[in-house]
Number of protein chains: 2
Amino acid sequence: MPIPKATAVLATNVVVFTIRDERLVALLVRRPRDPYAGLWSLPGGLVGDEEGLEDCAVRTLRDQTGVQGLYLEQLYTFGSPDRDPRTRVVTVAHFALLPPARLKGELADECNTRRWAPVDALPALAFDHDRIVAMAHQRLAAKLEYSTIGFQLMGERFTLSELQQVHEIILGETLDKRNFRKRVRSLHCIEETGDWYRAGNHRPARLYRLKQPGAVEFIK
Amino acid sequence: MPIPKATAVLATNVVVFTIRDERLVALLVRRPRDPYAGLWSLPGGLVGDEEGLEDCAVRTLRDQTGVQGLYLEQLYTFGSPDRDPRTRVVTVAHFALLPPARLKGELADECNTRRWAPVDALPALAFDHDRIVAMAHQRLAAKLEYSTIGFQLMGERFTLSELQQVHEIILGETLDKRNFRKRVRSLHCIEETGDWYRAGNHRPARLYRLKQPGAVEFIK
DNA sequence: TTGACATAGTGTAGAAACCACACTAAGTTA
DNA sequence: TAACTTAGTGTGGTTTCTACACTATGTCAA
């Protein structure tokens, strides 16, 4: 029987998803230090002394990438003894959703230390971060089907076509426009703003908003 | 900004569910030591140096209660800074399912240091263990609807009435017998053994078995 | 042996959800 | 004003869900 020890190095990581160039992408940062110096990895870091796990996820994400104010939930805790070559590090993985409308300015920029990578074409990642991204994607796709989590990828105001496209990209399949709209309507969780989105030489689209912006509910 | 520290005390806990006296019950152990000495709590303990998280959950459960060989999955990680009055302890909570047919001998015995408590009538528990049980119950009930996890509460051979009763108890509602059986049949994951279960002065019931005993699949 | 008892086991019809499918509406631009 | 582009809408067939009640088959006791 192994002899327990009391402590482990404890960290959090966050998979930030958004849609970019019609693909589901995750935010990666370049590791500045060994192990895996120079490799891409998920934002994250060590949990502070008096810090909650979700607080740590939010803080490290903000400090490393400037991103904040996102929907975020705990995903799974990864703790294989050998997942870090130095010493035992256990990470509490989270995922977060960034509405693509917020991909402006700094956030949209990619640089040598930060990039958006399509989840189906990731570069080599440090540690087991590829597994974390895969599980997060799987969880997100599953929750699209039985919760209203998809709206957390929408900006304050959005069109139904935008919403549908986001669903299609995450699920990796096309959806029928009329059936999709019927389903969304039946949720009763959005309302018309009365405004219209105009873009290009075509009919404008109604803009909607969430009735309860933060709320994610189970459906069916 | 808080200054991160590298280490936390890391533990696992397990909510072992079974059915007893037609109620959903969870296995509790008496805390031998402070904090909360004498209070009831979930089995669990500190993670060993070279030990995986699930391994730790399995080991501590076995050592403290003698229970092993159960379906077990990770539930959620609880890490509020003040959840343990002594020092920071983060626990990776799991839940496990014990087929009631295995509630024989030692396991069925309750004593001063081990008991089965109905999840809707728990005694005062140490730490945040009541929240852990509540979340585990919620997760289990949800998974009954969209996976074949319910079969993991069945023994090697079982009747459809037993299966239905387990579902009813966990969900807290009665189910229609014909609809239930129709649904189970449509899963194609059990088969007749050819044997019959005889008990009492009434017609015997067919005994079934899982085609793939360990497998839990998503449905629909 | 037979009748009372208790649980096992079975089918159907109406309602609701799901799915496939194609055209008109309303702007912009040349 | 005509071409273009995306927005927006309804119906019918299929499948799934739900409500619902009786017969079957064993045991046990009189």
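Not measured: the values here are computed from a predicted model. Naming convention: chains lettered A, B, ... in sequence-line order (proteins, then strands); numbering from 1 in each chain.
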Margin query: Reading DNA chain D in the 5' to 3' direction, which nucleotide is the first one with an atom under 4.0 Å from a heavy atom of chain B, and which is the last?
Written below: D:dC17 to D:dC28
Checklist line | Over all atoms of both residues, closest heavy-atom pair of B:Phe127 and B:Tyr36 | finding: N-CE1, 3.4 Å
Notebook entry, point to check: Quick one: does NZ or CZ of B:Arg30 land under 6.0 Å from the six-membered ring centre of B:Trp40, within 45 degrees of the ring axis?
Noted result: yes
Next item on the list: Could you tell me the separation between the OG atom of A:Ser161 and the CZ atom of A:Arg206, rounded to the nearest 0.5 Å?
Entry: 12.5 Å
Check: Do the side chains of A:Met154 and A:Tyr208 get nearer than 4.5 Å, heavy atoms only?
Finding: no
Notebook entry, point to check: What pairs of residues pass the side-chain hydrogen bond (donor to acceptor under 3.5 Å, both in side chains) test when at least one of them lies in residues 130-143 of chain B, not counting sequence neighbours?
Noted result: B:Glu73-B:Lys143
Next item on the list: State, to 0.1 Å, how close A:Pro100 and A:Ile19 come at their nearest heavy-atom pair, and which atoms those are.
Entry: CB-O, 3.4 Å
Check: What parts of residues 189-207 of chain A reach DNA chain D, counting only heavy atoms under 4.0 Å away?
Finding: A:Asn201, A:His202, A:Arg203, A:Pro204, A:Ala205, A:Arg206
Listed pairs under 3.5 Å, donor-acceptor, residues 115-125 of chain B side chains, sequence neighbours left out:
unit_1: B:Trp116; atom_1: NE1; unit_2: B:Leu107; atom_2: O; d: 3.0
unit_1: B:Asp120; atom_1: OD1; unit_2: B:Arg23; atom_2: NH2; d: 3.3

Item checked: Main-chain N/O of B:Val92 paired with B:Gln74 side-chain donor or acceptor, under 3.5 Å -> no
Checklist line | Atom-to-atom span, CZ of B:Phe180 to P of C:dA8 - whole angstrom | finding: 12 Å
Report, one pair per line, the protein and nucleotides 20-23 of chain C atoms (nitrogen or oxygen only) whose separation is under 3.5 Å.
unit_1: C:dA20; atom_1: N7; unit_2: A:Asn179; atom_2: ND2; d: 3.0
unit_1: C:dA20; atom_1: N6; unit_2: A:Asn179; atom_2: OD1; d: 3.2
unit_1: C:dC21; atom_1: N3; unit_2: A:Arg178; atom_2: NH2; d: 3.1
unit_1: C:dC21; atom_1: N4; unit_2: A:Asp176; atom_2: OD2; d: 3.1
unit_1: C:dC21; atom_1: N4; unit_2: A:Arg178; atom_2: NE; d: 3.4
unit_1: C:dA22; atom_1: N1; unit_2: A:Arg178; atom_2: NH1; d: 3.2

Notebook entry, point to check: So, the side chain of B:Thr65 versus the backbone of B:Arg62: is there a donor-acceptor pair under 3.5 Å, distance only?
Noted result: no
Check: Out of curiosity, A:Gln165 CD to A:Phe180 CZ, how far, rounded to the nearest 0.5 Å?
Finding: 11.0 Å
Notebook entry, point to check: Which residues within residues 149-171 of chain B lie with some heavy atom under 4.0 Å of an atom in DNA chain D?
Noted result: none
Notebook entry, point to check: Which heavy atom of B:Phe158 sits nearest a heavy atom of B:Leu210, and at what distance?
Noted result: CE2-N, 4.1 Å
Checklist line | Straight-line distance of B:Leu53 CG to B:Leu10 CG, nearest 0.5 Å | finding: 6.0 Å
